[in-house]
Amino acid sequence: MRDYEAERKRMVESQLRGRGICDPRVLAAMEKVPRHRFLPDPDDAAAHGDHPLSIGSGQTISQPYMVALMTECLHLAGTERVLEIGTGSGYQAAILAELSGRVVTVERLASLADGARQVLADLGYANVEVEVGDGSFGWPDNAPYDRIIVTAAAPEIAEPWTDQLADRGRLVAPLGDRGGQTLTVVTKRAGKLRHENLCGCVFVPLVGEHGWQEN
Ligand code: SAM
């Protein structure tokens, strides 16, 4: 029988702690959430590999390190309202649900949103709401958000996101062109925005009004 728990422990030690992820709450969530359950094939031998994986419809579940890094950047204490743009498999949403008060996650593709909603419900995540739509508009119904995480590549910070970000809020997003981006953290203080560039990254494109066209 495959020992998924041991695989996750190894993933956390070698890929996360070994590369400088040090928030104990983030490390614990990454060790707890069953990543394999969010894959099209839960038996996939590469479930805990150091790379993104296909989840169908041309989309991916991000590399574990990128999930942990982006989560760590959000500085979650446990009570925050979080907006995720790009639900994909639902894995990042589950990590956020472990570490915050409430998560609203928006996915453009209904088939992926349906799959994610089902796994999240099966795993008992009652504090996550999965919505279908163009997340480049954010999700105004539940705004403001203390944190916003964009898990698809955006050409720039969309105005609706910063409008929906609460004061003292933090936003993390891959910004750049379709072929490569810079992971960027934006903080909002008294209506003023401050940008900090973290590292290079490559995400699938944000497709929508404030993103790119389909092709
Ligand atoms: N966070 C995901 C996870 O844990 O599996 C991975 C996200 S994947 C890299 C990017 C996702 O963003 C894809 O599922 C894609 O369909 C979605 N996406 C792209 N443009 C979008 C938009 N405008 N609104 C919402 N979702 C979008």
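When a ligand or atom number is given, it counts from 1 through the structure's own listing order. Atom set for the values below is all heavy atoms of this structure, side chains included, hydrogens, waters and symmetry mates excluded. Nothing here was measured: the structure is a model prediction, and the numbers come from that model.
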*asked:* Could you work out, for atom 25 (C) of ligand 1, the closest of Glu131, Arg108, Glu214, Arg35 by heavy-atom distance?
replied: Arg108
*Identify, for atom 13 (C) of ligand 1, the protein heavy atom at the shortest distance, and state residue, atom and that distance.*
Gln59 OE1, 3.2 Å
_Closest to atom 2 (C) of ligand 1 (judged by heavy-atom distance), picking from Val67, Val106, Thr105, Thr87_ = Thr87
*Mind checking whether His36 and His48 have parallel, tilted or perpendicular rings, split at 30° and 60°?*
tilted
_Salt bridge Arg2-Glu7, side-chain N to carboxylate O under 4.0 Å_ = yes
*Is the side chain of Thr184 donor-acceptor paired with the backbone N or O of Pro174 at a distance under 3.5 Å, no angle test?*
no
*Can you tell me the protein heavy atom closest to atom 10 (C) of ligand 1 and the distance?*
Thr151 O, 3.3 Å
*Quick one: do Asp167 and Lys192 make a salt bridge, cutoff under 4.0 Å?*
no
*asked:* Starting from atom 12 (O) of ligand 1, what is the nearest protein heavy atom, named by residue and atom, and what distance separates them?
replied: Gly86 CA, 3.3 Å
*Nearest heavy atom to atom 5 (O) of ligand 1: which of Ala93, Ser89, Ala113 does it belong to?*
Ser89
*Do me a favour and list the nearest non-hydrogen protein atom to atom 20 (N) of ligand 1 with residue, atom name and distance?*
Val207 N, 2.9 Å
*Do me a favour and list the nearest non-hydrogen protein atom to atom 14 (O) of ligand 1 with residue, atom name and distance?*
Glu107 OE1, 2.7 Å
*In the protein, what heavy atom is nearest to atom 8 (S) of ligand 1, and what distance, to one decimal place, separates them?*
Thr60 O, 3.1 Å
*Would you confirm whether Arg102, through its side chain, and Val82, through its main-chain N or O, come within 3.5 Å as a donor-acceptor pair?*
no
*asked:* Keeping Arg147 on the side-chain end and Leu83 on the backbone end, is there a donor-acceptor pair under 3.5 Å?
replied: no
*Are Arg10 and Glu31 within salt-bridge range, i.e. N to O under 4.0 Å?*
no
*Assess Ser57 for proximity to ligand 1: is some non-hydrogen atom of it under 4.0 Å away?*
no
*Answer with yes or no whether Ile95 contacts ligand 1, where contact means a heavy atom under 4.0 Å from a ligand atom.*
no
*Can a non-hydrogen atom of Glu84 be found less than 4.0 Å from any atom of ligand 1?*
yes
*Where's the contact between Pro205 and ligand 1, heavy-atom distance under 4.0 Å: side chain, backbone, both or neither?*
backbone
*Please answer whether the main-chain N or O of Trp139 pairs with a side-chain N or O of Gln164 as donor and acceptor at a distance below 3.5 Å.*
yes
*How far is atom 4 (O) of ligand 1 from its nearest protein heavy atom, and which residue and atom name does that atom have?*
Gln92 N, 2.9 Å
